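Note that the numbering runs from 1 along the sequence shown for the chain. Quantities reported herein were computed from a predicted structural model and do not represent experimental measurements.
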Amino acid sequence: MYKHILTQHTLLDVAVLLLYLYGILLLARKFREIHPRYLRFFLLIGVEHLFFTFSYYYYSLGNVADSVGYYRTVYFLTDSWKDVFGQGTLFIYFTLYPLIKVLHLTYLSCFLVYSFIGLLGFYYLLKMAIHINNNHWSNWYYILLLPNLHFWTNALGKDSLIFYGIAGITYCLYFKKKWISFLFPVLVVGFVRIHVLFFILIALAINYFILSKKFRTGQRILMAAVFILSIYLLFPFLHSGWDFQKKIVWKSGLNRCRM
């Protein structure tokens, strides 16, 4: 019934696609100072990622996909940006709202925006891999060309954002960036999947406090007990938060449909 909304195209689609291609070139040029081979390799990653973006876009038109639900909800049922501010699914609506209601981007253009965010995750991973290998080429880099990696990290939805966020946090940690660099990827992961951020922070805390040689055995045991207790106390709260967020989304959609 609403398929024409998903398949409509405008001149903005062309503009967004050109910006996407320009973004690939800008990111690839950052590898030129290391070696031209890495520039060509990232261009290959970018082209493959774009190919699977169109593949998933057409796949979503004829199959059940969360991307379609996100776009339709914002397009038809969302009237205010502040009403969809929240965690999880609400955050996808929140990020989509200005793209659809303000910029009037089509379903395809929104797909391209989220796809490019996912591509940034591959940029971070390749940067780290090259540095770990002392700028030497390795055939292991071809792992970044695995089709399933690109198929699930380009869609309009949570996967592209969470992939970018985790890769961004790892990149900032590895290169010891300033705290301000952590802010955006941490917020993205936290708003998309708060439990993922929760366990990332626990892992970092364990690595710093428990495995660090700066602390004595007794201090490590005490901190380990604190972490375990924290998990025990906070996990029910996180679980109830997920349920609460799902109820808000379901009730909001139900009430609007009745209206």
Side-chain angles (χ1 to χ4, degrees), residues 1-2 4-6 8 10 12-13 15-16 19-20 23 57 60 64-118 120-121 153-169 172 179-201 234-259:
M1 181 177 178
Y2 303 119
H4 69 281
I5 298 298
L6 304 176
Q8 66 180 359
T10 67
L12 277 176
D13 292 337
V16 173
L19 286 174
Y20 191 109
Y57 164 75
S60 69
V64 177
D66 291 339
S67 303
V68 174
Y70 296 143
Y71 190 84
R72 284 179 175 175
T73 299
V74 176
Y75 192 95
F76 291 108
L77 303 177
T78 306
D79 300 320
S80 174
W81 197 12
K82 64 181 181 180
D83 290 343
V84 289
F85 178 75
Q87 187 267 330
T89 301
L90 286 175
F91 185 67
I92 303 302
Y93 298 155
F94 183 78
T95 56
L96 264 180
Y97 186 91
L99 300 180
I100 298 173
K101 299 292 188 177
V102 180
L103 299 178
H104 303 290
L105 296 186
T106 64
Y107 179 56
L108 175 60
S109 288
C110 290
F111 234 90
L112 291 172
V113 171
Y114 279 75
S115 170
F116 190 80
I117 294 173
L120 290 175
T153 57
N154 65 63
L156 189 168
K158 298 176 182 177
D159 292 337
S160 55
L161 296 184
I162 201 74
F163 179 73
Y164 156 78
I166 293 176
I169 292 173
C172 292
W179 69 269
I180 194 68
S181 301
F182 286 86
L183 190 59
F184 191 70
V186 165
L187 288 175
V188 169
V189 175
F191 276 108
V192 175
R193 298 192 187 279
I194 184 64
H195 57 287
V196 173
L197 178 61
F198 178 71
F199 287 114
I200 288 175
L201 295 178
L234 291 176
F235 193 82
F237 169 77
L238 293 173
H239 186 271
S240 63
W242 305 334
D243 292 339
F244 178 68
Q245 184 265 334
K246 291 177 182 178
K247 290 177 181 177
I248 290 177
V249 173
W250 183 82
K251 288 181 179 179
S252 176
L254 181 61
N255 290 336
R256 290 179 182 271
C257 288
R258 286 174 177 174
M259 292 173 63

Are Val186 and Ile200 close enough, and set up right, to give a side-chain contact (heavy atoms from CB on, under 4.5 Å), and what steps lead you there? CA-CA 10 Å; Val186 165; Ile200 288 175; over 6 Å; no

Shortest non-hydrogen separation from [X] to [Y] and the atoms involved:
{"X": "Gln87", "Y": "Ile194", "result": "NE2-N, 3.2 Å"}
{"X": "Lys101", "Y": "Val74", "result": "CE-O, 3.0 Å"}
{"X": "Pro185", "Y": "Gly165", "result": "CB-O, 3.6 Å"}
{"X": "Ser115", "Y": "Tyr20", "result": "OG-OH, 2.7 Å"}
{"X": "Leu6", "Y": "Tyr57", "result": "O-OH, 3.0 Å"}
{"X": "Phe94", "Y": "Val84", "result": "CB-O, 3.4 Å"}

Quiz prompt | Pair Leu19-Phe116, side-chain contact (heavy atoms from CB on, under 4.5 Å): steps then yes or no | solution = CA-CA 10 Å; Leu19 286 174; Phe116 190 80; over 6 Å; no

Nearest 0.5 Å, what's the [atom1]-[atom2] distance between [X] and [Y]?
{"X": "Ile117", "Y": "Asp159", "atom1": "CD1", "atom2": "CG", "result": "13.0 Å"}
{"X": "Leu197", "Y": "Ile162", "atom1": "CG", "atom2": "CD1", "result": "8.5 Å"}
{"X": "Tyr114", "Y": "Ile92", "atom1": "OH", "atom2": "CD1", "result": "5.0 Å"}
{"X": "Arg72", "Y": "Ile100", "atom1": "CZ", "atom2": "CD1", "result": "12.5 Å"}
{"X": "Tyr71", "Y": "Leu108", "atom1": "OH", "atom2": "CG", "result": "10.0 Å"}
{"X": "Ile166", "Y": "Leu161", "atom1": "CD1", "atom2": "CG", "result": "11.5 Å"}

task: Taking the side chain as every heavy atom from C-beta outward, state whether Asn154 and Phe111 have any pair of such atoms under 4.5 Å apart.
output: yes

task = Please tell me if the side chains of Val16 and Thr106 come closer than 4.5 Å, counting only heavy atoms from C-beta onward.
result = no

Would you say the side chains of Ser60 and Tyr107 form a donor-acceptor pair under 3.5 Å?
yes

Phe191 meets the side chain to side chain contact (heavy atoms under 4.5 Å, CB included) criterion, sequence neighbours left out, with Phe85, Phe91, Leu187

Sorted by chain and residue number, the side chain to side chain contact (heavy atoms under 4.5 Å, CB included) partners of Thr153 (sequence neighbours excluded) come out as His49, Phe122, Phe163

Show the numbers, then the answer: is there a side-chain contact (heavy atoms from CB on, under 4.5 Å) between Arg193 and Phe199? CA-CA 10 Å; Arg193 298 192 187 279; Phe199 287 114; over 6 Å; no

